[in-house]
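Heads up: the structure comes next, in structure tokens.
In this text, all values refer to a predicted model and were calculated from it rather than measured experimentally. Hydrogens, waters and symmetry mates play no part in the numbers below; they use all other heavy atoms, side chains included.
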Amino acid sequence: MADRVMNLASERAVVVFTLSSCCMCHTVTKLMQDLSVNALVHELDSDPRGKEMERALLKMLGGRGPAVPAVFIGGKLVGGTNRVMSLHLGGELVPMLKSAGALWL
């Protein structure tokens, strides 16, 4: 299942795995929208194999904390809400997005 997650994660410069009922998922996807990033949002609860992918994401994240949101930039797992917000507040997220081709400004 990790291979499926990685294949989906490489479909676009930014891919966010979410659950429709997760407020932190909404926060991260909203941040991407506000930054004018056209992220591919993959809602696990609308995928028949979503639970399996959620378990795979949890393993990829080290088995601690929630599995979603899981943000991939340039095909690489960046992390969840805390990591993305830390990068944003530290001024590192936008350069990372530019490097991945998700931003052109």
**Request:** Tell me who clusters with Met53, hydrophobic residues only, linked when side chains sit under 4.5 Å apart either directly or through other members.
**Result:** Met1, Val5, Met6, Leu8, Val15, Phe17, Leu19, Leu40, Leu44, Leu57, Met60, Leu61, Val68, Phe72, Leu77

**Message:** Quick one, Ile73 and Leu93 - any side-chain contact, counting heavy atoms below 4.5 Å?
**Reply:** yes

Below 3.5 Å, can you tabulate the donor-acceptor pairs from side chains in residues 20-33 to any protein atom, sequence neighbours excluded?
unit_1, atom_1, unit_2, atom_2, d
Ser20, OG, Asp45, OD2, 2.5
Thr27, OG1, Cys23, O, 3.0
Thr29, OG1, Cys25, O, 3.1
Thr29, OG1, His26, O, 3.0
Lys30, NZ, Asp34, OD1, 2.8

**Item:** Whichever hydrophobic residues join Leu58 through chains of side-chain contacts under 4.5 Å
**Value:** none

**Item:** For Lys59, all residues meeting salt bridge (charged side-chain N to carboxylate O under 4.0 Å, His left out), sequence neighbours excluded
**Value:** none

**salt bridge (Lys or Arg N to Asp or Glu O under 4.0 Å): pairs with one or both residues in residues 4-23, sequence neighbours excluded** = Arg4-Asp47

**Complete:** Between Ser36 and Leu103, the two heavy atoms sitting closest are O-CD2, 4.1 Å

**Item:** Nearest non-hydrogen partners of Ala100 and Ala13, listed with the distance
**Value:** O-CB, 3.5 Å

**Asked** Taking only residues two or more places apart in sequence or in another chain, which ones pass side-chain hydrogen bond (donor to acceptor under 3.5 Å, both in side chains) with Arg55?
**Response** none

**Request:** Find out if a path of hydrophobic residues (ILVMFWY) with successive side-chain heavy-atom gaps under 4.5 Å connects Val14 to Val41.
**Result:** no

